[in-house]
Amino acid sequence: MSLRGQPGYVVDEHLDELAELASSAGAEVAGRSIQARKAPHAATFVGPGKAEVLRDACAATGAKVLVFDDDLSASQTSKLEDITECAVIDRSALILEIFRARARSREARTQVELAQFEYQLPRLTRRWTHLSRQVGGIGVRGGEGETQLEADRRMLRQRIRKLKKDLVKIERTRKVQRGGRRDVITVALAGYTNAGKSSLFNRLTQAKVRVEDRVFATLDSRLRRGALGDGQIVVFADTVGFIRKLPHHLVASFRGSLEEVVAADLVLHVVDRSHPAWEEHLRVGSEVLQDLGVPGERILLVFNKSDLLGSVTPTGTTAVSALDGAGMDGLREEISSRLHRSEAAGIELSHSLDTTVSAQ
Ligand SMILES: Nc1nc2c(ncn2[C@@H]2O[C@H](COP(=O)(O)OP(=O)(O)OP(=O)(O)O)[C@@H](O)[C@H]2O)c(=O)[nH]1
Ligand SMILES: [Mg+2]
C-alpha cells in the first residue's frame, strides 16, 4: 500500500525487501501489487475492489499466500482471506516465520515461539482450530460449554506463560555467564540485516562465522576475542540484524540477545554504504539503538562494503570493506581511541583498559 505522499522509489524499495524476506522464508514470488490510497480501508486494508483483483491474480498465477508489507489487524486478515481465498499474512508474521525456521539455540527457539504465540493470540478465529495440534496437546478441553476457540485461547495463554518462565530461566543462566566476563571490554557489532556484521566480526577475530547474502543469517549473538592495533584484547560480539518495521513484540522478546549491545563498552553501528537504501538503514539502526538505551557516545558508525563504492568515499566516518580488508587497521585504531577517549572522559568501562586478557 502506498499512502499518499510516499515517493514511488521508496515503495519499490520496500517491496524489494519484502520479496527478499519472502524468498528467505522459502516462498517463490509470483507477483507484486501496489495500491495508492489516502488511508487504509478499515475492513479490508486495501479497497474491497482491489481485494477482488488480488483474488483473480492469485487464481491466475496459482499463488497461495498474500503477503502485506504493513501490519494488518486480525479482522482485516480474516476479511481478506474470505475475499481472496488465499492465506493472508503481514510482514511481522513473515519475519517471525523466518526467525522460526532459522532459530537454533534453545533461547532463540523459545523467544521465537513466544513471539509467534503472542502474535497469534489476538488473531485466533475459527480458522485456527488446528492450533491444538500445533502446540502439541497442551491443556485439556475446559469445562462444559467451552468452545474450541475458547479452548485454543486458553491453551495459547498457558503456553505463553510457560515460555515466559522458561525464558527467565535461560536469561538468568546467561547473566551468570556474562558476569564471568566482567573483566573484559566488549565491542558489539550491530546494524541492519545483511550489512556485513558477521563478515566484519570474522575479520576482527579470525572467526569463521557463517556469512550469507540473505537477511537474518545470524540469530544468536556470538562472542570472540580479537586484538586491536596496540595489542589490546577485547571481546567482539556479533548480533542479530535490525530491519525496518521490526515487530515490536519481537524486539521485546529478542531483547535478551540484544543485551550484548546494551552491555557493550562500544557499539560498532555497521551500515552497508553501497545499499541504495543505506540512509533508511542508518536511521532504523539508530532508532533501535536509541530504543535499547545505548547512548550516542558509545556508538561508532562504520560504513562497510567500501569496495562497492568506487570513487565515492564517505568522509568523516570510518569506511571499511570486510570483503577485501580495506580500512581494517584504521577501524582497529578508531576503536582503541574511542575506548581510551571514553575512559579519559570518565565514562565507565566494564574494566580498565590496562588489563589484558589472553587471546583464545
Ligand atoms: N562487496 C562486499 N560484500 C560484503 C562486505 N561485507 C559483507 N559482504 C557480503 O554481504 C553479505 C552479508 O554479510 P554478513 O556478514 O552475513 O552480514 P550480516 O550483517 O552479518 O547479516 P545478518 O546476520 O543477516 O544480519 C554476504 O554476502 C557478504 O559476503 C564488503 O565489505 N563488501
Ligand atoms: Mg550476521
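Every number for a ligand or one of its atoms is a count from 1 in the order of the listing.
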Please indicate whether any nitrogen or oxygen in A322 is less than 3.5 Å from any nitrogen or oxygen in ligand 1. yes
Quick one: which ligand 1 atoms are inside 4.0 Å of a heavy atom on T193? 22 (P), 24 (O), 25 (O)
Nearest neighbour in protein (non-hydrogen) for atom 8 (N) of ligand 1: K305 CE, 3.6 Å
Keeping N304 on the side-chain end and A195 on the backbone end, is there a donor-acceptor pair under 3.5 Å? yes
Ring-plane angle category for F303 and W278, please: parallel below 30°, perpendicular beyond 60°, tilted otherwise. perpendicular
Sub-3.5 Å N/O-N/O distance, V240 and ligand 1: no
Answer yes or no: is there a donor N or O on one side and an acceptor on the other, between the side chain of R224 and the main chain of T205, under 3.5 Å? yes
Return a yes/no value for K197: is any of its N or O atoms, backbone included, closer than 3.5 angstrom to an N or O of ligand 1? yes
With heavy atoms of L308 as the reference, note each atom of ligand 1 found under 4.0 Å away. 1 (N)
Short N/O distance, under 3.5 Å, between V320 and ligand 1? no
Contact region, V211 to ligand 1, non-hydrogen atoms below 4.0 Å, reads both
Does S198 put an N, O or S atom under 2.8 Å from the Mg ion (ligand 2)? yes
Checking R244, K245, R37 against D70 for salt bridge (charged side-chain N to carboxylate O under 4.0 Å, His left out), the one that qualifies is K245
Taken to the nearest 0.5 Å, the spacing of D69 CG from L18 CG works out to 4.5 Å
Would E212 count as a polar contact of ligand 1, with the cut-off being nitrogen or oxygen pairs under 3.5 Å? yes
Out of A319, A326, G196, S274, who is nearest to atom 17 (O) of ligand 1 when you count heavy atoms only? G196
Apply salt bridge (charged side-chain N to carboxylate O under 4.0 Å, His left out) to the pair E28 and K64, showing each step before the final yes or no. CA-CA 10 Å; E28 202 180 304; K64 302 273 185 299; over 6 Å; no
I'd like to check whether T239 has a polar contact with ligand 1, where a contact means an N/O of the residue lying under 3.5 Å from an N/O of the ligand. no
Will you find, in the side chains of D272 and N194, an N or O donor that is under 3.5 Å from an N or O acceptor? no
Looking only at protein heavy atoms, which one is nearest to atom 15 (O) of ligand 1, and how far off is it? S199 OG, 2.6 Å
List every atom of ligand 1 that sits less than 4.0 Å from any heavy atom of G241, numbering the atoms from 1 in the order shown and giving each element. 25 (O)
How far is atom 24 (O) of ligand 1 from its nearest protein heavy atom, and which residue and atom is that? A217 N, 2.7 Å
In terms of residue, atom name and distance, what is the protein heavy atom nearest to atom 1 (N) of ligand 1? D307 OD2, 2.9 Å
Could R332 and D329 be called an ion pair, given the rule that one side-chain N must be under 4.0 Å from one carboxylate O? yes
Counting only heavy atoms closer than 4.0 Å, does ligand 1 sit against the backbone of D213, its side chain, both, or neither? both
Nearest neighbour in protein (non-hydrogen) for atom 21 (O) of ligand 1: N194 N, 3.0 Å
If you count the atoms of ligand 1 from 1 in the order shown, which ones are under 4.0 Å from a heavy atom of S198? 15 (O), 18 (P), 20 (O)
Evaluate whether atom CD of Q290 has more than 12 neighbouring non-hydrogen atoms of other residues, nucleotides or ligands under 6.0 angstrom away. no
Taking K50 for its side chain and I34 for its backbone only, find out whether a donor-acceptor pair lies under 3.5 Å. yes
protein heavy-atom neighbour closest to atom 23 (O) of ligand 1 works out as T218 OG1, 2.8 Å
Under a plain distance cut-off of 3.5 Å, with no hydrogens placed, do H41 and T44 share a side-chain donor-acceptor pair? yes
For the pair E150 and R153, evaluate salt bridge (charged side-chain N to carboxylate O under 4.0 Å, His left out) and give the outcome as yes or no after the intermediate values. CA-CA 5 Å; E150 283 160 354; R153 281 210 183 106; over 6 Å; no
For D238 and S198, test the side chains for any donor-to-acceptor distance below 3.5 angstrom and give the result as yes or no. yes
Give me the residue, atom name and distance of the protein heavy atom closest to atom 6 (N) of ligand 1. N304 ND2, 3.1 Å
